[in-house]
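The block underneath contains the structure these notes are about, expressed in structure tokens.
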Amino acid sequence: MDQSSFKDYKLSYEIIEAIDKLGYVNPTEVQRKVLPFALEKKDLVVRSQTGSGKTAAYTIPISEMIDWYENKPQALVLAPTRELAVQVKDDITNIGRLKRIKATAIYGRQPFAIQKTELKQKNHVVVGTPGRVLDHIERGTINLTQIKFLVIDEADEMLSMGFIEQVEAIVKELPKDRVTMLFSATFPEAVKNLALIFMSDPIYIAMEADGITVDKIEHLQYRVVEDEKFSLLIDVTITENPDSCIIFCRTKERVDALYALLTGLQYPCSKIHGGMEQEDRLKTMNDFKRGAFRYLIATDVAARGIDVENISLIINYDKPLKKESYVHRTGRTGRAGLEGKAITFVTAKEESYMRDITEFIGLDIPVISNPSKEEVSLKKAAFDKKLIDKPSLKKPKNDHLNKHIMTLYFNGGKKKKLRATNFVGVISNIEGVTAEDIGIITISDTHTYVDILNDKGPIVLAAMKNITVCGKLLKVSKANKK
Ligand code: AMP
């Protein structure tokens with residue numbers, strides 16, 4: 001089972017090619033352990049934290065096993081936060097891009113009607129937060145009759161956010177004949193029970209580097225009095241001068257307050273917490289991923305499970321409320337083999353709590369002395385320089401994958417009675433283009449997006465300016481964004 005190449009698994013060309021274009025050279029430990037069993041359709045309980053490659057450990061086999069011709073959803077992924085749901089949907093879209101797998105994310109605070117329209121279309125995978133999935137079930141706007149795969153991701157977080165009853169209610173609505181996979185970074189008793197309720201005889205998989213990443217992350221703590229936290233933060237940011245840093249606070253009010261202070265000092269920063277509008281949260285995360293700013297101030301919930309490459313520093317400005325959160329927070333750094341540092345500010349009152357954490361993670365976290373005045377002034381010039389440096393934006397990881405794909409926008413959709421087959425019929429008739437060159441088609445009421453693969457985008461774009469779809473000449477252009 002100790003295979004070291006994706007080619008060693010029974011994966012089809014389209015999946016291997018997408019993995020390759022995403023730049024994944026070798027499977028990670030969790031992928032090596034999960035892939036063989038998942039491809040054999042075994043129920044799995046997997047202990048692994050974010051950053052280990054666990055999302056691809058289930059999105060790869062699910063994408064492989066999806067039957068493209070089935071129009072109703074075959075896989076349901078439950079995730080605790082909206083950001084994670086969107087991220088998992090994006091991961092499936094990337095891995096399944098060349099197989100043309102259609103995934104949809106459904107979550108709260110986005111208009112129900114938009115999701116309802118999306119769910120009416122062809123969908124292979126639905127990723128959702130429990131509350132909103134249940135809403136769709138209750139209103140009869142989601143068809144679960146063909147679900148063959150269920151993934152419960154970040155089960156421990158689902159539990160601590162109080163979603164377990166909703167998860168149970170959803171599972172009751174699913175076909176019994178299905179594969180269930182549960183992923184969790186930590187395993188409190190209630191998560192173990194969940195596995196017992198939902199699965200029959202699952203295979204338990206744990207990672208060798210269990211619980212906490214020690215080899216790639218340096219864990220440190222500073223002693224501080226509450227009133228001096230801010231000045232310590234300034235000193236630490238100067239001495240560490242990170243390229244990318246998340247600062248965790250206890251509450252959204254504290255996030256807002258710290259954000260105001262750091263903005264006042266011209267820190268390139270932004271914030272994320274549960275009190276913000278969904279659109280703003282997603283935009284902030286996307287900008288952070290692109291490297292548009294360097295400091296993200298966050299509460300636990302909002303930053304949970306978020307995949308951002310190259311975060312070099314995590315600062316626990318306030319201690320995590322739960323021991324498990326320490327694992328989740330610090331799992332934001334040291335991802336995909338890179339190195340990182342996790343610093344926790346600890347007040348005298350919190351010392352015993354911190355000992356509980358070190359016991360829980362089985363790791364001694366050294367207390368180091370606060371940065372000296374000399375060190376701070378020595379490093380200040382470099383810090384000031386970086387503060388005004390224009391950030392160099394990172395390329396998204398699917399950049400290479402999307403290189404040969406052009407998304408076209410047509411100004412007609414459902415209201416003009418257009419269907420995906422109409423587009424496939426017309427486009428595949430263009431000289432030099434076949435149905436194989438057509439990727440995901442997304443039709444809404446007033447417009448349609450069509451992915452054109454294999455560098456055939458310009459040919460289709462030029463041709464469709466003069467060709468009608470169902471007797472209608474549509475305006476067509478290269479889409480800016482979907
Ligand atoms: P996750 O634990 O699923 O949040 O993934 C952590 C990061 O590792 C993500 O940025 C993935 O894109 C990346 N990743 C997943 N699998 C691999 C792989 N086999 N090789 C390199 N990077 C990977």
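Whatever order the structure lists ligands and atoms in, that order sets their numbers, starting from 1.
Residue contacts with ligand 1 for Asn26 involve N, CA, C or O but no side-chain atom from C-beta outward (heavy atoms, distance under 4.0 Å).
For Lys283, the NZ atom sits in a loose shell: 12 or fewer heavy atoms of surrounding residues, nucleotides or ligands are nearer than 6.0 Å.
Between Tyr58 and Leu44 the shortest side-chain heavy-atom distance does not fall below 4.5 Å.
Between atom 16 (N) of ligand 1 and the options Lys289, Arg32, Gln31, the minimum heavy-atom separation is to Gln31. Closest heavy-atom approach to atom 17 (C) of ligand 1 within the set Tyr24, Phe183, Tyr58: this belongs to Tyr24.
Counting the atoms of ligand 1 from 1 in the order shown, those under 4.0 Å from a heavy atom of Ser52 are 2 (O). For ligand 1, the atoms lying closer than 4.0 Å to a non-hydrogen atom of Lys54 are 1 (P), 2 (O), 3 (O). Proximity to Thr55 (heavy-atom distance under 4.0 Å) selects the following atoms of ligand 1: 1 (P), 3 (O), 4 (O). For ligand 1 and Phe6, the ligand atoms under 4.0 Å from any heavy atom of the residue are 19 (N).
Tyr353 is linked by a ring pair (Phe, Tyr, Trp, His ring centres under 6.0 Å) to nothing, counting only residues two or more places apart in sequence or in another chain.
A side chain to side chain contact (heavy atoms under 4.5 Å, CB included) with Val125 is found for one member of Thr93, Val151, Ile92 and no other, namely Ile92.
Residues His273 and Tyr259 keep their aromatic ring centres 6.0 Å or farther apart.
Residues Leu194 and Ala155 come closest through the heavy atom pair CD2-CB, 4.3 Å.
For the pair Gly23 and ligand 1, the shortest N or O to N or O distance does not fall below 3.5 Å.
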